[in-house]
Amino acid sequence: MRLSVIIVNFNVRYFLEQCIHSVSRACENMEAEIIVVDNNSTDESRAFLEPAFPSVKFCWNTANLGFARANNQAISLARGEYILFLNPDTLVPEDCFEKCLHFLETSGTNAALGVKMVDGSGKFLKESKRSFPSPLTSLYKLSGLSKLFPRSKTFARYHLGHLSEQENHEVDVLAGAFMLIPKKILDEVGYFDETFFMYGEDVDLSYRIQKAGYKNYYFAETAIIHFKGESTRRGSMNYVRMFYLAMSQFVKKHYSGNKARLFIFLIQTGILIRATLAAIGNGLKKAGLPILDAAIILSGFWVVKYFWSTYIRQDVNYSPNTLLIAFPIFTAVFMLASYFSGLYDKGYKQAQLIRSTTIAALCILSGYGLLPESIRFSRGILVLGILLAFVSMHLLRQLFIRVRLLETDDEDDEKRQTIVVAGETDFAVINNLMHTAGMRERVLGRVGNTVEERNGTKLGNVEQLPELIGRYGVREVIFCADGMKLKDIIQLISHLPAITRNKFHASGSRSIVGSDSRNLSGDYVAASKKFRIGQSIQQRNKRLLDILLAILFLMSFPIHLFLQKKAGSFFKNTLDVLLGKKTWVGYACADNNLPKLRTGVVTSTALPSSRNELPEESLLKSDEWYASEYTVLLDLKKIKAGYRYFDC
C-alpha cells in the first residue's frame, strides 16, 4: 500500500466529516487507507461518522490518550509505504497527495514533507515552515519581535519569514497538521514522543528526523486549508504557558549544560514579556470599550448640563453635590443596561446599541421620576445626555470597525447575503441545511463554475464571483465540491474581498464548515437547529431573572409561608437559585445535547423532574422547543405555572 492517512479526532465531527471527504477524493487514484483514532469524543462522533464512512478504519478510545499516543496507536495499524499525519480540521485538494509523493520519490533523497497551509480566508499560515527553537529564536517569538519584523532572517527565524512561501525549501520543523513521512524513516527514528503534552511532538519528531541524517521539506506546489491557524489561541496566556512547557521539555531532552540553562533563562524572560503584553491586551479587550463608554456617557451628561445651564436655563442653579452623585449613578445604570442588552458580547451589532440605549433611557427616566422634587433637575439634561452618549458611542464603534479594532457580528442578521458556488444538486442540499439551521433566507442564489447563461437560481459563473460579491453586498460564500475543485477554490479565496467569509461543503456530507473571522478557530452549519437559549445575552438575562426572582421571594417570605406546603424546601431552592446552584426552569432530560443549563427547580414542562410522567421522546421535544424558543417571558410563564411545585 502506498499511503496511510492518520487522523486524530476529538469533538470535531463536522470538520472531520469534511476532511475525510477531501482525503477520499485525493486518494482516488492511488492505493491508500484512512485511519481515524477518536480520543473519547463526547459529540456523538461515532454515531455520526462510522456509518457514513465504511471504508475508513476507526479506533474508538475510551479515554483521551493525547495527540502523540493516538497517532502512535494508528501507526501500528498502518500498512502504507508513506505515513501522513493530518489534522481533522483540514481540507486537502484533489492532487495534493500525488504531488507530494511525486516530489519525495523524485527528489533523490529520503525526506519528510510538510505543505503550504492557508486558513479559511486563503491567508498563508506561518507555521507551515519553521526552524528549530533556539534560545534567541524563542525569545524573539515570545517577546513579539518576530511580528514587528516578519521578514527578518534574525527576528523572524522561528517562522523562517525570510523564505518565500511560494517556493520549496528545506526547513527544520514540519507542522503537526500535515506531516508526510516515509514509514522506513519512522521505523528508524521512532514515533511521536508520548511525554510531550502539547505543541512539542512535531518539533521533537522533526529534530530526530534531521539528526538521523534525513531532510525536512516545505512543499509550496500544493496548499491545504487549515481552519485552526496561527491566529487561533496564540494571544492567550494558556498558549504562552503551554509553549513554554513544550520548549522546556524539548531543551531538557536535546540540550545540556550552559546552553540549556541559557535557553531556559531566555525563554522565561520571553514568557515574562509576553505575559505582560497578553495581560494588557486582554484587559483592554475586556474592559477597554466599557471604560471608554462610561467616560463618554459621564462626559456627555456634564457637557449637556453646561450647555443647558449656559444657554437655555441660566436662571437655575444646580446643586454640585446632587450632580456629582446623580450623573455617576445614571452612568452606572446606562452601563448595566448595556451589559445585559448584549452590547459587550463578542461581535458588534448596531441593534445592540439601540436596544441598550432605549432600555437605559427608560430606566434612567423612570428612576428620575421617583426622585424627590427637592433634588430633581431638568429632564432635558437627561434626554439630551442620553442622545449625545448614543451618537458618540455609535461614532466610536464605527471608527473601531474601520480600523479593525472591533469586529461586527451579523450571524443572526437576516439581511446577510450568501452565495453558493455549486451545481444544482449540492445547491438543493445547502438550501435544506440552511433551512434546518434557520438561515435559509440568507441564500441569494447559486454561482456555477462554468460560463453559462443564467437560469433558475443561477446568478452567474465563478469568474463573475468578485463582481457579484460587490454588487449584492455578499458577506458569505459557500463552496461545494460539485461546483468546482478544491484546488481551484484555494486559489480563488485569497483573491476575494477580505470581508467575505468562506464556508465549505463536500458532496454527500451533512454539514458546512468554515472560519468566520481571524479570531475564530472554526464554525459550522449542520443539520441541527440553533437554540436561542445558547446565546450569551439569553443566558445572562436568564441568570438575571433567576437572581431578581430569588431576591423578591426572600423579601416576601411571609407570603410564601402560607402558599407553600414545604416552606423549608421552598427557601432552600430559592437560596440554591440565588447562589447559582440551580435555575428556576431547567431541562426535563439531563442528556439532550442542548446548550447547558443548571438543574431546574421545575423543568421545561413546568413540572419538577419527579412529576414528569411523559415518555422520554416527549420530554426531549419539550426541552428542544424550550431551548429554541426561549425568552425571559417564556421563563416567567413557566415559573407562574410551576410555582406550586417550588417546594419539591
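Starting from 1, each residue takes its place in the sequence as its number. Remember, predicted model here, so these are calculated numbers, not experimental data.
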Backbone of S569 reached by a side-chain donor or acceptor of D647 within 3.5 Å = no

Q. Does R46 count as lying over the ring of F58, i.e. NZ or CZ under 6.0 Å from the six-ring centre, within 45 degrees of the axis?
A. no

Less than 4.5 Å apart, any side-chain heavy atom of L578 and any of T574? no

Considering only heavy atoms from C-beta outward, does the side chain of I297 approach that of F330 to under 4.5 Å? no

Flag yes if more than 12 heavy atoms outside R69 fall under 6.0 Å of its CZ atom; otherwise flag no.
no

F571 side chain near L554 side chain, heavy-atom distance below 4.5 Å:
yes

Over 60° means perpendicular and under 30° means parallel, so classify the ring planes of F227 and F504, tilted if in between. tilted

Discussion item. Is any side-chain heavy atom of R13 closer than 4.5 Å to one of E17?
Written reply: no

* Asked: Is there side-chain contact between L395 and V391, with at least one heavy-atom pair below 4.5 Å?
  -> yes

Checklist line | Check: D293/S338 side-chain N/O donor and acceptor closer than 3.5 Å | finding: no

Note: V36 and V56 closest approach over all heavy atoms is CG2-CG1, 3.8 Å

Please determine whether side-chain contact (heavy atoms from CB on, under 4.5 Å) holds for the pair K503 and I430, giving the CA-CA distance in whole Å, both sets of side-chain angles, and the decisive distance to 0.1 Å. CA-CA 11 Å; K503 287 188 170 69; I430 293 297; over 6 Å; no

For E476 and V420, indicate whether the former's side chain and the latter's backbone hold a donor-acceptor pair under 3.5 Å. no

**Prompt:** Is the backbone of A63 close enough, under 3.5 Å, to the side chain of N61 for a donor and an acceptor to pair up by distance?
**Reply:** no

Worked verdict on L468 versus V474 for side-chain contact (heavy atoms from CB on, under 4.5 Å)
CA-CA 8 Å; L468 293 170; V474 172; 5.8 Å; no

- request: Decide whether S511 and S509 meet the rule of one side-chain donor and one side-chain acceptor closer than 3.5 Å.
  value: no

Close side-chain approach of K542 and L597, heavy atoms under 4.5 Å: yes

Residues at least two apart in sequence or cross-chain that pass salt bridge (charged side-chain N to carboxylate O under 4.0 Å, His left out) with D546, listed by chain then number, are none

Non-hydrogen side-chain atoms of R598 and R543 separated by less than 4.5 Å:
yes

* Examine distances only and state if a side-chain atom of Q352 and a backbone atom of G342 form a donor-acceptor pair shorter than 3.5 Å. => yes

When rounded to the nearest 0.5 Å, the distance separating CG of L16 from OG1 of T90 is 9.0 Å

Contacts satisfying ring-ring contact (aromatic ring centres under 6.0 Å, His included) that involve residues 605-629 (not counting sequence neighbours) are Y626-Y630

Of all heavy-atom pairs linking C19 and N87, the shortest is SG-O, 3.8 Å

* State whether the number of non-hydrogen atoms from other residues, nucleotides or ligands found under 6.0 Å of I559 atom CD1 is greater than 12. => no

- Message: If we ignore hydrogens and angles and just use 3.5 Å, is the side chain of S41 paired with the main-chain N or O of N11 as donor and acceptor?
- Response: yes

Looking only at heavy atoms, the pair that brings I34 and V23 closest together is CD1-CG1, 3.6 Å

Ring-plane angle category for F53 and H21, please: parallel below 30°, perpendicular beyond 60°, tilted otherwise. perpendicular

Exercise for the section: Spell out, as yes or no, whether a donor-acceptor pair under 3.5 Å connects the side chain of N612 to the backbone of L614. Expected result: no

Between H226 and A177, the two heavy atoms sitting closest are CE1-CB, 3.7 Å

Rounding to 0.5 Å, atoms CG (N573) and OH (Y645) come to a distance of 15.0 Å

Check: Can the ring centres of F10 and F67 be said to be less than 6.0 Å apart?
Finding: no

The salt bridge (charged side-chain N to carboxylate O under 4.0 Å, His left out) partners of K638 (sequence neighbours excluded) come to none

* State whether the number of non-hydrogen atoms from other residues, nucleotides or ligands found under 6.0 Å of K621 atom NZ is greater than 12. => no

Item to complete: Please check if any side-chain donor atom of N64 sits under 3.5 Å from a side-chain acceptor atom of N40, or the reverse.
Response: no

With no hydrogens and no angle check, is any side-chain donor or acceptor of S622 less than 3.5 Å from a backbone partner on S618?
no

Separation between CD1 (I512) and CG (N502), nearest 0.5 Å, reads 13.0 Å

Taking the side chain as every heavy atom from C-beta outward, state whether F400 and L289 have any pair of such atoms under 4.5 Å apart.
yes

Separation between CD (E624) and CD1 (I533), nearest 0.5 Å, reads 12.5 Å

N/O donor-acceptor pair under 3.5 Å between R510 side chain and F48 backbone = yes

